Amino acid sequence: MSELRETRLEKARTLAALGQGPYALRFEPSHSTAELQAAHADLPKGEERDLSVAIAGRVMTRRVMGKLAFFTLADQSGPIQLYLEKATLDAASPDSPPPGAFAHLTSLVDAGDLIGVEGSLRRTDRGELSVKVKSWSMLSKSLQPLPDKWHGLADVEKRYRQRYLDLIVSPHTRETFRRRALAVSAMRRWLDERDFLEIETPVLQSQPGGADARPFETHHNTLDLPLTLRIATELHLKRLVVGGFERVYELGRIFRNEGVSTRHNPEFTSVEVYQAYADYTDMMELTEQLIAHVCQQVCGTTAISYQGTAIDLTPPWRRATMHALVQDATGLDFTTFSTREQAAAAMESQGLVAPALADSVGRLLVEAFEQRVEESLIQPTFVLDYPVENSPLARAHRSKPGMVERFELFIVGRETANAFSELIDPVDQRQRLEAQQERKAAGDLEAQGVDEDFLQALEVGMPPTGGLGIGIDRLVMLLTDSPSIRDVIAFPLLRPEQRAETRPEQGGEG
RNA sequence: GGGUCGCUAGCUCAGCGGUAGAGCACUCGGCUUUUAACCGAUUGGUCCUGAGUUCGAAUCUCAGGCGACCCA
C-alpha cells in the first residue's frame, strides 16, 4: 500500500541525509556470490578467511536479532548470506553518525533493496558461507515490497505482467531465460561455424509472404504506404540465395495476427536457414545435428525429460511419410483415393471429420494426419512428403505425383520445424501463387498472394536449395520443460490491465 | 469463437446470506548463530467493475473486465 511506500520514501530521505544516495552511481564487486561459494566451499564451520571481498545484490531476506543480523543477498549468480555484527560494523565505520552503521543498516535497509557490502568471509556455526560485513552502501532503494518470500508469485497473470518480480523471486524463471539465451547463441554459433551468414531482412513489407497466416497491418506516414509486419523471412532469404549467398539464415521475430494459446504468441521467434545445392534430405540431417547440438549445449545431454516424458534427441531421428503415418493410425491408404468424395467417405467411416474447406484428397490427408497422428508423435519424427496444395513454396516431389519434397519435424506432438526442397522453377512458382491468390479471393484469409518481385528474382535463376524453419519458442519450451509458450517469452502479449486512473470518466448512460 | 475455473490486505490464501479474517511482509518493542528466525503489540481492504434479488450481499442472480486451462 501507499503507506508502506511512504515509509520507504522516508527511509530514502534519511539515507540521503546520511550521504547514502539512495541511488548510487556505481559499485565495483570483486566477486559474484557463486564465485565465492565455489572458491570457499572448503572453509570449515565457524572459521573465517581474512580477505577483503566486495559484492552487490538485492536483499532477499532479513533476520535481525539484537546486535547480530543475517541478510540474504542475491546477485545474478545466486544468494549468499551476510553476517552482520554490530561490533564489527560500528568499529569499521567510526565516522558513521549515531546510532551507528549497524543500526542504519538494520533500520534503513529493507528486503528488495540493492546494496553493496565489503568484508571478509566466514562460515557460520550452522555451516552457511557468509560475508562478514565491515561496510555497506545503499545502491538503490526499493519502494515496493517483494512478493511473499515463501510462496513467491503464484498468480500467473502477475508473473507475466510483472515479469521483473517473477525473475527476482523465481530461480526457475531466471533459469528458463538463461537457457533461452544459451540456445539462441549456441544455434547462431553452430551456423556461423558452418559458414552460414546471418543477414537481416525487412520486417516491414508491402506484401506479406512465405507462410499461410494473417499479417499485422500498419502504415508508413511519409510514403503514405500501407505495410504489414512479416509473417516469415522466407521470400527475402531466397532472394539472397539468388544473389549468390549460398548459405544464409536469419534468426528473428515473426508476427502473425492470430490467437493466443499455450503454443501461440502473436510475435514469436524463428530461424530460417537456406543452403544452396542442397535438398530436404540434407536439411533433415542439418536439423537433427543442429537441434541435438543446441540441446547438448543447453541441457548437457540429448536425453531430456519434457513434462514427465523422456525425450531422446540423439540423432538419427525417425523418418516416416505422412501417407504411412496416416495409414498406420487409421488404416486408410490415401494413395488409393482418386476423388475427394472417396477420401471423405473413407474418413467418415473411420470416425474422422472431413471439413468442407479441405477441398482435395491432399488437404483431407493433412486433416487425417492432424486429427489422428500429430499428437502421438512424441519422440522426434520427420514427417515427409506433403500434398502440393498445402505447400506452395516447396518443389514437386521427384517421384510422387501430387506431393512435394517437404518435411515437418514433430516433437512432443508439436510442429517444431518445417523444411523443403525449395521450389526454384519460376513458372511453377507463379502457378502455385496464383492458385493461392484464388483462394485468397475466395475468402481464405491465410492464403498467400503473388509476389511479383520474388517471382522476378526466381526468373534470374536460383540454385537448387534446401530451406528450413525452426520455431525457437517451441524448441526452448522443450529444452526448459515449459508447458506454455508464455513461460519462454519474457513479456508475452496480454491485454492491457484496466487501471483505476485510466478508466473513463463516468458520464452519461450507455 | 465455445466451455470450465479464478479474481478478497503488498504477497499466499481462508471465509460462501448476518460486524471482512489468518500467515508472511510493513511499523513499534525485545533478542549475538539465524536461514520460512523467534517472542509480544500494532497497522493495513473499491472483497475486479456495474446492476439486480434481499431487512441485510465478499457470499445469490445477470451483464461486463482481466486471466488460466480445455476445445474449435
Side-chain angles (χ1 to χ4, degrees), chain A residues 1-11 14 33 37 45-48 59-74 78-91 102-103 105-113 122-133 142-162 165-166 168-170 258-264 307 353 355-358 367 370-371 374-375 413 445 483-487 492-507 509-510:
Chain A
M1 246 222 75
S2 63
E3 189 181 323
L4 198 144
R5 184 168 175 274
E6 189 49 49
T7 304
R8 290 192 172 209
L9 277 171
E10 181 55 38
K11 290 180 180 180
T14 307
T33 63
Q37 299 279 13
K45 284 181 186 177
E47 292 192 15
E48 293 192 30
V59 175
M60 301 305 291
T61 59
R62 308 163 74 248
R63 294 176 292 280
V64 182
M65 44 210 69
K67 298 184 179 65
L68 182 69
F70 300 92
F71 287 7
T72 306
L73 192 74
I80 196 165
Q81 182 169 267
L82 303 183
Y83 178 91
L84 308 165
E85 205 175 39
K86 178 170 166 55
T88 305
L89 265 153
D90 288 355
F102 177 81
L105 179 55
T106 53
S107 66
L108 299 175
V109 176
D110 293 300
D113 291 352
R122 174 190 179 90
R123 190 173 295 279
T124 63
D125 297 345
R126 299 293 181 88
E128 187 77 33
L129 184 69
S130 310
V131 174
K132 183 178 176 184
V133 176
S142 168
L143 303 181
Q144 299 286 337
L146 287 179
D148 191 284
K149 66 183 169 189
W150 185 242
H151 300 95
L153 259 196
D155 183 334
V156 277
E157 182 178 352
K158 284 203 178 77
R159 294 208 294 122
Y160 298 147
R161 285 195 198 280
Q162 297 185 270
L165 287 180
D166 185 29
I168 289 169
V169 300
S170 313
E258 14 189 78
V260 170
S261 78
T262 46
R263 292 175 301 280
H264 299 88
Q307 302 294 296
V353 182
L357 266 175
E367 274 295 330
E370 288 175 355
Q371 289 175 38
E374 208 171 274
E375 67 180 20
L445 294 166
S484 168
I485 196 169
R486 284 183 286 266
D487 296 328
L493 184 71
L494 297 174
R495 281 183 199 278
E497 204 172 12
Q498 214 169 15
R499 306 189 97 117
E501 60 265 34
T502 60
R503 240 178 259 157
E505 287 287 306
Q506 213 164 348
E509 70 296 317

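This is a predicted model, so every value here is computed, not measured. Below, chain A is the first sequence line, B the second, and so on; all start at residue 1.
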>> So if I take every side-chain heavy atom of A:L494 and compare against B:rG67, B:rC69, B:rG10, which nucleotide ends up nearest?
In response: B:rG67
> Which one, B:rG67, B:rC11, B:rC26, comes nearest to the side chain of A:D148?
Replying inline: B:rC11
>> Any base atoms under 4.0 Å from A:L146, or only sugar-phosphate, or nothing? Heavy atoms, all strands.
In response: nothing
> At under 4.0 Å, does any side-chain N or O of A:T61 touch on OP1 or OP2 of B:rA36?
Replying inline: no
> Can you tell which of B:rC31, B:rC69, B:rU43 lies closest to the side chain of A:E3?
Replying inline: B:rU43
>> Let's go through A:F70 and A:M65 carefully: what are the C-alpha distance in whole Å and the side-chain angles of both, what is the deciding distance for side-chain contact (heavy atoms from CB on, under 4.5 Å) to 0.1 Å, and is it a yes or a no?
In response: CA-CA 8 Å; A:F70 300 92; A:M65 44 210 69; 4.2 Å; yes
>> Set out, in order, the CA-CA distance, both residues' side-chain angles and the distance that settles salt bridge (Lys or Arg N to Asp or Glu O under 4.0 Å) for A:R123 and A:E128, then state yes or no.
In response: CA-CA 5 Å; A:R123 190 173 295 279; A:E128 187 77 33; over 6 Å; no
> Using the P atom in both, what is the distance from B:rC5 to B:rA14, to the nearest Å?
Replying inline: 16 Å
>> Heavy atoms from C-beta onward define the side chain here; which of B:rC31, B:rG67, B:rA36 lies closest to that of A:W150?
In response: B:rA36
> Salt bridge between A:E48 and A:K132, side-chain N to carboxylate O under 4.0 Å?
Replying inline: yes
>> Nearest to the A:T124 side chain among B:rU32, B:rU35, B:rA36, which nucleotide is it?
In response: B:rU35
> Who are the side-chain hydrogen bond (donor to acceptor under 3.5 Å, both in side chains) partners of A:S484, not counting sequence neighbours?
Replying inline: none
> To the nearest angstrom, how far is A:R63 atom CZ from B:rA25 atom P?
Replying inline: 11 Å
> In whole angstroms, how far is the C1' atom of B:rC69 from the CD1 atom of A:I485?
Replying inline: 16 Å
>> Let me check I have this right: for RNA chain B, each base becomes ., (, ), [, ] or |, based on Watson-Crick or G-U pairs with both distances under 3.5 Å. What is the full string?
In response: ((((((((.[[[[.)..(..]]]]..((((.......))))......[[[[[..)....]]]]]))))))).
> What nucleic acid atoms does A:T72 come within less than 4.0 Å of, heavy atoms only: base, sugar-phosphate, or nothing?
Replying inline: nothing
> Taking the same atom, P, in B:rA25 and in B:rC38, what whole-Å distance lies between them?
Replying inline: 7 Å
>> Rounding to an integer number of Å, can you tell me how far A:H151 NE2 sits from B:rA25 P?
In response: 12 Å
> Just how far, in rounded Å, is C1' of B:rG10 from CD of A:Q162?
Replying inline: 10 Å
>> Looking only at the side chain of A:F70 (C-beta and beyond, no hydrogens), which of the listed nucleotides B:rU27, B:rU33, B:rU35 gets closest?
In response: B:rU33
>> For a quick check of understanding: with a heavy-atom distance under 4.0 Å over all strands, which category does A:G259 fall into, base, sugar-phosphate or nothing?
In response: nothing
> Distance between the P atoms of B:rU32 and B:rG21, in whole angstroms?
Replying inline: 36 Å
> What pair of heavy atoms forms the shortest contact from A:R263 to A:I485, and how long is it?
Replying inline: O-CD1, 3.6 Å
> What nucleotide, of B:rA25, B:rU27, B:rG67, holds the atom closest to the side chain of A:R161?
Replying inline: B:rG67
> Under 6.0 Å from the CD atom of A:Q307, do we count more than 12 heavy atoms belonging to anything else shown?
Replying inline: yes
> Think A:K149 has a side-chain N or O under 4.0 angstrom from the OP1 or OP2 of B:rC11?
Replying inline: no
>> What verdict does the side-chain contact (heavy atoms from CB on, under 4.5 Å) test give for A:V64 and A:F71, after you've listed the backbone C-alpha separation in whole Å, the side-chain angles of each residue and the deciding distance to 0.1 Å?
In response: CA-CA 8 Å; A:V64 182; A:F71 287 7; 4.1 Å; yes
> Within this structure, what is the CG-to-C1' distance between A:D113 and B:rC26, rounded to whole angstrom?
Replying inline: 13 Å
>> If you go through the side-chain atoms of A:R122, does one of them form a donor-acceptor pair with the base of B:rU33 closer than 3.5 Å?
In response: yes
>> Distance check needed: B:rU12 P versus A:D166 CG, whole Å only.
In response: 11 Å
>> Return whichever of A:D125 or A:D110 has its heavy-atom-nearest nucleotide of RNA chain B closer to the 5' end.
In response: A:D110
>> In whole Å, measure the gap between the C1' atoms of B:rA37 and B:rU49 for me.
In response: 42 Å
> Which nucleotide in the list B:rC11, B:rU33, B:rU35 gets nearest to the side chain of A:L68?
Replying inline: B:rU33
> Looking only at atom P, what distance separates B:rU46 and B:rU61, rounded to whole Å?
Replying inline: 25 Å
>> Please give the distance between the P atoms of B:rG17 and B:rG6 as a whole number of Å.
In response: 15 Å
> In whole angstrom, what separates A:R62's CZ from B:rC24's P?
Replying inline: 15 Å
>> Can a side-chain donor-acceptor contact be found between A:T7 and A:R5 if the only test is distance below 3.5 angstrom?
In response: no
> How is A:Y160 classified with respect to the nucleic acid when contacts are heavy atoms under 4.0 Å: base, sugar-phosphate, or nothing?
Replying inline: sugar-phosphate
>> Say we look at B:rA9 and B:rC39: how far apart would their C1' atoms be, to the nearest angstrom?
In response: 24 Å
Quick one: side chains of residues 149-156 of chain A, donor-acceptor pairs under 3.5 Å with protein atoms, not counting sequence neighbours, listed by atom name and distance.
from   : atom 1 : to     : atom 2 : distance (Å)
A:H151 : ND1    : A:D148 : OD1    : 3.1
A:D155 : OD1    : A:E157 : N      : 2.9
A:D155 : OD1    : A:K158 : N      : 3.4

> Any side-chain N or O of A:K158 under 4.0 Å from OP1/OP2 of B:rC11?
Replying inline: yes
>> Under a 3.5 Å cutoff, is there a donor and acceptor pairing between the side chains of A:R122 and A:Q81?
In response: no
>> Tell me whether the side-chain N/O atoms of A:R8 come closer than 4.0 Å to OP1 or OP2 in B:rA25.
In response: no
>> Tell me the closest heavy-atom pair linking A:L146 and A:G112, and the distance in Å.
In response: CD1-N, 3.7 Å
> Does A:R495 place a side-chain N or O at less than 4.0 Å from the phosphate oxygens OP1/OP2 of B:rG67?
Replying inline: yes
> A:K11 near the nucleic acid: base, sugar-phosphate alone, or nothing, with a heavy-atom cut-off under 4.0 Å?
Replying inline: sugar-phosphate
> Which part of the nucleic acid, if any, lies within reach of A:V169 when heavy atoms closer than 4.0 Å are counted: base, sugar-phosphate only, or nothing?
Replying inline: nothing
>> Judged by each residue's nearest nucleotide on RNA chain B, which is more toward the 5′ side, A:G66 or A:R263?
In response: A:G66
>> Rounding to an integer number of Å, can you tell me how far A:L165 CG sits from B:rC11 C1'?
In response: 10 Å
>> For the C1' atoms, the ones on B:rA72 and on B:rU53, what distance do you get once it is rounded to whole angstrom?
In response: 37 Å
